[in-house]
Novice: 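Pasting in a structure now, in structure tokens, and then I'll have a few things to ask.
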Amino acid sequence: MGDFVGSVWWLVVSLGLLVTFHEFGHYWVARRCGVDVLRFSVGFGRPLWSRRNRAGTEFAIAAIPLGGYVKMLDEREGEVPVTRQAHAFNRQGVWRRIAIVAAGPAANLLLCVALLWVMFMVGRQDYAPVLGRVEGVAASAGLQRGDRLVAVDGRRVATWTDASLALAAPALDRRDIEVVVEDASGQASTRTLRLSQLPEQVDERRLAEHAGLVWHFMLAPARVDQVRADGAAAGRLQPGDVILAVDGQAVVSADEVAPLVRKLGERGGAGMVEVDRMGERLAIELEPRRSTDPAREGAWELGIVMAPPQAPAYDAVQRFGPLAAIPAALRETGRLASDSLGMMRRMVTGEASVKNLSGPVTIARAANASAKRGADWFLYFLALLSLSLAIINLLPIPILDGGHLLYYSIELIKGSPLSERAMAAGQYVGLALLAGLMGLAFYNDLLGLLPR
């Protein structure tokens, strides 16, 4: 219940802020162009609060907080007094109308840069792009446990998030790339990651894992939580012990213990289990026993229960001073825009699954999760969402800002506005396309709620 309330709350906060900024862009440029703005509403439906300024604009907060709008004086929407016709939107020149419409997405783009600027000054905490386990394609490339990724496909990476985003596009394209890594001693080398060998039918949200890249921070340490009194480890191991090796085989994460214990049991006899106990490395001889638990009957075990995984502490941070944060924010905005447009192109061409399209449920859950991670990650989420709103609104779909810009571009070419009949037909097409996209996004949201 707490997550549900938190998700709804942060969704409302996020959309309220971003939509208000978007509509303010329309409002500000419209007023500078001499257009009368009748209403600036945050939310839809019945106003819960409203106030009118000296220019006659009614500012309102409405009951349904999932959007907003700016209503301008327009002869197509009602009779306009002759004395005010020069201030109607439809009476403005085409370039002024373009400026007013484009101001909304532009405001979201500027907000994205501003949010990233603040985030970099605050400092975004993250995980280092260090490999904890290497398998499959990654192992064939010569990557090894403990390697730190420095560059991916010519793109410098400083964190796990950077590396994951840089890997996504070439993995979707099944394109071989070069990665620059540093080993534990700081020695740099270049490896060829043959992503063309990835199978076609894989979960696109887990492409790095399918490539055999398991990040170090994702591996839970093999920490003993309980020792059963009737088990092989009774009186030998203690809660809090961290298992480092089993029968000479190094252990990096908890999920590696059971296979090594099974291997030791099948070999027969006792083996050395090395543990870290309060900073001291101990070697303890243990002989696995067959489990008597009906659910695990016959399995080899030591009679221990591993501690549940916990979120590790961040070990990397990206922080800049006020001046250095400006180019950093601009670079990050450019990378995010390129990645977003690339993903949209791939979904249109069928190179990427439409399952990547998310709706309000997924956005709400992401908003709640990022807010829990801290102010830095919530700022990053808001920046990404603001950029997404800018890009989506610029799509040439009638009913969106991009659709209106398409109309005005045609008007510039032909020298006269489109007929009202043509624009009305376009609005119906736009509504159908938007309804289809929203329906698909909701469907993906529902699939995401189902257990896998």
Side-chain angles (χ1 to χ4, degrees), residues 16 18-111 389-390 392-434:
L18 301 184
V19 169
T20 298
F21 211 87
H22 178 96
E23 298 302 332
F24 181 77
H26 291 311
Y27 168 80
W28 190 84
V29 175
R31 294 297 299 135
R32 296 304 175 278
C33 291
V35 175
D36 284 351
V37 179
L38 305 180
R39 175 178 286 181
F40 185 125
S41 178
V42 178
F44 298 107
R46 182 180 178 182
L48 301 176
W49 173 91
S50 66
R51 180 173 294 177
R52 197 175 298 275
N53 68 2
R54 293 180 181 178
T57 302
E58 178 190 9
F59 293 86
I61 298 177
I64 305 174
L66 298 178
Y69 62 93
V70 166
K71 183 178 181 180
M72 304 176 202
L73 189 68
D74 196 314
E75 291 176 292
R76 295 168 299 182
E77 297 183 6
E79 188 175 347
V80 176
V82 175
T83 56
R84 305 303 301 166
Q85 286 179 356
H87 299 279
F89 176 78
N90 64 292
R91 292 280 183 136
Q92 306 306 307
V94 64
W95 285 111
R96 286 195 173 191
R97 281 177 279 142
I98 287 175
I100 293 169
V101 171
N108 279 130
L109 182 61
L110 288 174
L111 180 60
L389 285 176
I392 290 171
N393 270 285
L394 286 174
L395 293 177
I397 299 176
I399 205 173
L400 297 177
D401 291 334
H404 292 292
L405 293 174
L406 176 63
Y407 289 157
Y408 303 148
S409 298
I410 295 173
E411 181 178 341
L412 282 173
I413 294 171
K414 68 189 292 282
S416 61
L418 283 173
S419 67
E420 291 190 11
R421 181 177 179 181
M423 286 192 286
Q427 295 293 90
Y428 286 121
V429 172
L431 280 171
L433 287 172
L434 203 56

Novice: Start with the C-alpha gap between L412 and I98, add the side-chain angles, then the distance that decides, and say whether side-chain contact (heavy atoms from CB on, under 4.5 Å) holds.
Specialist: CA-CA 11 Å; L412 282 173; I98 287 175; 3.9 Å; yes
Novice: Please work out which of the three classes, parallel, tilted or perpendicular, describes the rings of F21 and F24, given edges at 30° and 60°.
Specialist: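 Geometry flag for F21 against F24: tilted rings.
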Novice: Working to the nearest 0.5 angstrom, can you tell me the gap between E79 CD and Q85 CD?
Specialist: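 Here the rounded value is 9.0 Å.
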Novice: So which atom in S41 and which in A62 form the shortest heavy-atom distance, rounded to 0.1 Å?
Specialist: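 Looks like OG-CB, 3.9 Å.
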Novice: Name all residues meeting the salt bridge (Lys or Arg N to Asp or Glu O under 4.0 Å) criterion together with R46; count only those two or more places apart in sequence or in a different chain, and write none if there are none.
Specialist: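 Checked R46 against salt bridge (Lys or Arg N to Asp or Glu O under 4.0 Å); zero matches.
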Novice: First locate atom CD1 of I61, then atom CG of L48, and finally report the distance between them rounded to the nearest 0.5 Å.
Specialist: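 If we round to the nearest 0.5 Å, I61:CD1 and L48:CG are 8.0 Å apart.
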Novice: Taking side-chain hydrogen bond (donor to acceptor under 3.5 Å, both in side chains) as the test, write out the residues that go with E411, two or more places apart.
Specialist: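 For E411 the side-chain hydrogen bond (donor to acceptor under 3.5 Å, both in side chains) partners, ignoring immediate neighbours, are R97.
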Novice: Between CG of L389 and CG of L394, what distance do you get to the nearest 0.5 Å?
Specialist: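 Going from the CG atom of L389 to the CG atom of L394 covers 11.0 Å.
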Novice: What distance separates R52 CZ from T57 OG1, expressed to the nearest 0.5 Å?
Specialist: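 That separation rounds to 8.0 Å.
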Novice: Using every non-hydrogen atom in the two residues, find where N393 and P105 come nearest and quote the distance to one decimal.
Specialist: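 Looks like CB-CG, 4.0 Å.
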Novice: Looking only at heavy atoms, which two atoms of W28 and R32 are closest? And how far apart?
Specialist: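 In this case the closest contact between W28 and R32 is NE1-NH2, 2.9 Å.
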Novice: With sequence neighbours excluded, tell me which residues meet salt bridge (Lys or Arg N to Asp or Glu O under 4.0 Å) with E75.
Specialist: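 Listed in chain order: R91.
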Novice: Looking only at heavy atoms, what is the nearest atom pair of N108 and A390, with distance?
Specialist: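 Of all heavy-atom pairs spanning N108 and A390, the closest is CB-CB, 3.8 Å.
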Novice: Look at the side chain of S50 and the backbone N and O of E58, then say whether any donor-acceptor pair between them is shorter than 3.5 Å.
Specialist: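 No; judged by distance alone, with no hydrogens or angles, the pair does not exist.
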Novice: Just wondering, do I100 and M72 contact through their side chains at under 4.5 Å, heavy atoms?
Specialist: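 Yes, at least one pair of side-chain atoms sits under 4.5 Å.
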Novice: Apply the side-chain contact (heavy atoms from CB on, under 4.5 Å) test between Y408 and each candidate in I413, V94, L418; give the one that qualifies.
Specialist: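 So the option named by the test is V94.
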Novice: Quick one: sort the Y27 and F40 rings into parallel, tilted or perpendicular, breaks at 30° and 60°.
Specialist: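 Perpendicular, since the angle between the ring planes exceeds 60°.
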Novice: Indicate the ring-plane relationship of H22 and H26, choosing parallel, tilted or perpendicular according to the 30° and 60° boundaries.
Specialist: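 Rings of H22 and H26: perpendicular, over 60°.
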Novice: Work out which heavy atom in P47 is nearest to a heavy atom in A60; give both atom names and the distance.
Specialist: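 Shortest heavy-atom contact: CB-CB, 4.2 Å.
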Novice: Report the distance from atom CG of D36 to atom CG of L38, rounding to the nearest 0.5 Å.
Specialist: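 Between atom CG of D36 and atom CG of L38 there are 7.0 Å.
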Novice: Taking atom OH of Y428 as the centre, does the number of heavy atoms from other residues, nucleotides or ligands within less than 6.0 Å exceed 12?
Specialist: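 Counting other residues, nucleotides and ligands, OH of Y428 stays at 12 neighbours or fewer.
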Novice: Show the numbers, then the answer: is there a side-chain contact (heavy atoms from CB on, under 4.5 Å) between V37 and R31?
Specialist: CA-CA 7 Å; V37 179; R31 294 297 299 135; 3.9 Å; yes
Novice: L400 and I392: which non-hydrogen atoms are nearest, and at how many Å?
Specialist: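 Closest approach of L400 to I392, heavy atoms only: CD1-O, 3.4 Å.
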